[in-house]
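Labels below follow one simple rule: chain letters A, B, ... track the order of the sequence lines, proteins then strands, and each chain is numbered from 1. A quick note: this is a predicted structure, and the numbers were derived from the prediction, not measured.
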There are 2 protein chains.
Amino acid sequence: MVSIKDVAAHAGVSPGTVSNVLNRPGKVAPATRERVEAAISELGFVRHGSASTLRAGHSRTIGLSVIDIGNPFFTEVAAGVEDVASELGYAVILGNSAGSQDKEDRNLRVLAEHRVRGVLITPSGEDPARLERLREHGISVVLVDHPAHRPDQCAVAVDDVGGGRAAVAHLLAKGARSVAYVTGPLSIRQCVERREGARAAMRATGLDPAGLRVIEAMTMTARAGEKAAADLIASGLPEAVFCANDLLALGVLRALLRAGVRVPEDVALMGYDDIDFAAASTVSLSSMRQPTYQLGRIATELLLDECDNPETHAHQHIMFQPELVARESTQ
Amino acid sequence: MVSIKDVAAHAGVSPGTVSNVLNRPGKVAPATRERVEAAISELGFVRHGSASTLRAGHSRTIGLSVIDIGNPFFTEVAAGVEDVASELGYAVILGNSAGSQDKEDRNLRVLAEHRVRGVLITPSGEDPARLERLREHGISVVLVDHPAHRPDQCAVAVDDVGGGRAAVAHLLAKGARSVAYVTGPLSIRQCVERREGARAAMRATGLDPAGLRVIEAMTMTARAGEKAAADLIASGLPEAVFCANDLLALGVLRALLRAGVRVPEDVALMGYDDIDFAAASTVSLSSMRQPTYQLGRIATELLLDECDNPETHAHQHIMFQPELVARESTQ
DNA sequence: CGCGGGGAGTAAAACGTTCTATTACTGGGG
DNA sequence: CCCCAGTAATAGAACGTTTTACTCCCCGCG
């Protein structure tokens, strides 16, 4: 295994000079620099990141902890994170908490051991204490798709109340007067906030927000959506259905069409997230688009700015507005 | 920042003993071990992974390089990898090559710098040389969804020829005599092999394999599938369509239904991958299921076995068979 | 002619572990 | 009574970088 010493010997300089070529090329005279660079490629030297981290006190690695890597939403976030990180020469360590606090804890521990420069996390619970421990170890934390726990912290979120409001306002504008809300577990912050938005929209139109029919599914999948639709059909269809998530909406759509209910003529339907398949389903699905990829990009930019420019860095709480995408299901 | 020395001082032992408690708890007397463990949790010590890697010569980290993190196929593979790795205390560094050799190279370089224990990769090209360089640095490589480049190497793949054959055999068994193959770029190995399988199935039924109509799309997306379907309609519909991928198939399906073509009555349709949305689309899609999650799990198990038991490890070339899932689109 | 200063490079310490050799101690067998 | 085997713990070197303080040399200025 070839080390910086071998390179130094081969180029006839000291190890310190090689290190300078690697990290501060301006500091070394062009002639020697070339000699060193030649030696590097000749010997196939590749820097030992751990040694570098150990001595320098920090690594060029960040952690990304998500709730469900199987969800297209997080996949797109991850793509944004990965792009920015790799542009700036950072590596990304991926952690999938799969909704379990235990797994999230284990992942955070691994990240702490690796002395990552910072962590991007969509917390699966509402307990800020575990993140405090990271900060005590000098690891910056940026929250993704979650409002900030504290002022001296960056966070990038999407306005779920506003999204819920816009979605239901759209349905009401199309003439619907009775609306059902098909949601995932109400232990999930996003589901609750979208419901609040939905109620606000009804209030704004002069309807009683208590009239919003809420159907809570155990999971946010297409199958759960089908079951919810069966409930709706059995107990009398509303004029519009708003789903907390596109997967639920696709399930609802399928069950309705099978039962001979026309969408949007009999029932208007809205999803949330605007995943790729929303546009591709047979009756294309209206949805609330979130800037998922941007969410990942910006969170990473904030994190790396916080790490690389600690003195000039200003903590930011960024709140995106979701965007309504009207398609066939609400024509 | 609390180090192993602080723990040692606090527990009244030497740093070496603390290291033993951490790595070989059996080697140290129960009484001292407890004392050390108490000190560890009291001081909130967390081991410095880089220092450990530097001295020990190897890390508890593996790399995962995929072609497209946005593709549900790779997402599921990643979930399998992540689960096994985290069970065994390994961290996973994620690299997304996005189909670009350059990006893949950059990612591999980062992995080499981190002195990862091993790398799981779905290579985006057919150039084994770049992987050789990793092996020269003592990094094990396991190929995922790709046959092995060489005998002394593990690889986990799925039989794409067999999958193509089974898919088209199924269509032919349903009575179809003319078949079209809608594929992604034929520079992609999987697309070519599935086509070969399709031809083999025709041959086996006594049809001329040259009769397989091949439509090559530039990308493997639903939109590309819609375009392909337009082509088919314009030039006369076959009795069956086999798509290289479910996204293409969903696009084809949507375009056909819109044009008033009934599926499966007028045209039978098969996809490939069996992504979640295949079952959820309005006419549920028949598809070839691949053991994606297992692919990730087993590849990781092989890799870690190769790393942890180099003397007993036997290199394996595992080839899974995809499984036909018949749904409405081929009833 | 001497002195200061700047550019280019070096020597050596340090980072936090792990590991090898070594020591201290205990008990049992010859 | 001595020695040896075995267990428990320690001291200190080593891993490959980065960084600090330092040397050396040359140039220009007073």
Side-chain angles (χ1 to χ4, degrees), chain A residues 1-37 39-40 43-61 89 110 112-117 137-139 308, chain B residues 1-37 39-40 43-61 89 109-110 112-117 137-139:
Chain A
M1 206 78 311
V2 28
S3 84
I4 219 175
K5 277 185 197 167
D6 306 316
V7 175
H10 196 264
V13 296
S14 76
T17 302
V18 178
S19 175
N20 278 335
V21 170
L22 255 30
N23 302 304
R24 282 174 297 277
K27 286 275 168 218
V28 38
T32 19
R33 191 195 323 157
E34 274 168 35
R35 212 146 26 95
V36 170
E37 278 164 355
I40 287 180
L43 299 179
F45 164 79
V46 17
R47 174 224 251 100
H48 195 307
S50 294
S52 164
T53 296
L54 173 59
R55 173 62 236 226
H58 53 81
S59 67
R60 289 190 79 77
T61 306
V110 169
E113 284 201 2
H114 276 259
R115 295 293 193 275
V116 293
R117 200 73 191 273
H137 281 274
I139 298 175
D308 292 340
Chain B
M1 204 79 312
V2 29
S3 84
I4 220 176
K5 276 184 196 169
D6 305 314
V7 175
H10 196 263
V13 297
S14 75
T17 302
V18 178
S19 175
N20 279 333
V21 170
L22 255 29
N23 302 305
R24 281 172 298 277
K27 287 274 167 218
V28 38
T32 18
R33 191 197 320 159
E34 274 169 35
R35 216 149 21 100
V36 170
E37 279 164 355
I40 287 179
L43 299 179
F45 165 78
V46 16
R47 170 225 254 101
H48 195 306
S50 295
S52 165
T53 296
L54 173 58
R55 175 60 237 229
H58 53 81
S59 68
R60 288 189 79 76
T61 305
R109 176 176 191 78
V110 169
E113 284 201 4
H114 276 259
R115 295 294 193 272
V116 292
R117 201 72 191 274
H137 280 274
I139 298 175

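- Distances were taken from every side-chain heavy atom of Arg24(A) (C-beta onward) to each of dA9(D), dG16(D), dT19(D); the shortest belongs to dT19(D).
- Listed pair Ser19(A) / dT18(D) meets the phosphate criterion, a side-chain N or O lying under 4.0 Å from OP1 or OP2.
- At whole-Å resolution of the value, CG in Asn20(A) and C1' in dC22(D) are 14 Å apart.
- For the pair Ile4(B) CD1 and dC15(C) C1', the computed distance is 13 Å after rounding to whole Å.
- Rounded to whole Å, atom P of dC19(C) lies 7 Å from atom CG of Asn23(B).
- Nearer the 5' end of DNA chain D, as judged by each residue's closest nucleotide, is the contact made by Lys27(B), out of Ser52(A) and Lys27(B).
- Heavy-atom distances to DNA chain D give each of Arg35(B) and Leu54(B) a nearest nucleotide, and the one nearer the 5′ end belongs to Arg35(B).
- The side chain of Thr17(A) places an N or O atom within less than 4.0 Å of a non-bridging phosphate oxygen (OP1 or OP2) of dT10(C).
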Can you give each donor-acceptor pair under 3.5 Å made by side-chain atoms of residues 4-12 of chain A, sequence neighbours left out, with the distance rounded to 0.1 Å?
unit_1, atom_1, unit_2, atom_2, d
Asp6(A), OD2, Ser3(A), N, 2.7

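- Taking only side-chain nitrogens and oxygens, Thr32(B) comes nearer than 4.0 Å to OP1 or OP2 of dA9(D).
- With dT17(C), dT18(D), dA8(D) as the candidates, the nucleotide lying closest to the side chain of Ala29(B) is dA8(D).
- In this structure, Lys5(B) atom NZ and dG12(D) atom C1' are separated by 11 Å, rounded to whole Å.
- Contact of Arg55(A) with dT17(D) (side chain to base): no donor-acceptor pair of N or O atoms is detected under 3.5 Å.
- To the nearest 0.5 Å, the span separating CG on Leu54(B) from CZ on Arg115(B) amounts to 10.0 Å.
- Side-chain contact of Thr61(A) with His114(A): a donor-acceptor pair under 3.5 Å is absent, judged by distance alone.
- For CZ of Arg35(B), the number of neighbouring non-hydrogen atoms (other residues, nucleotides, ligands) closer than 6.0 Å is greater than 12.
- When distances are taken from the side chain of Leu22(A) to each of dA8(D), dT18(D), dA11(D), the shortest belongs to dT18(D).
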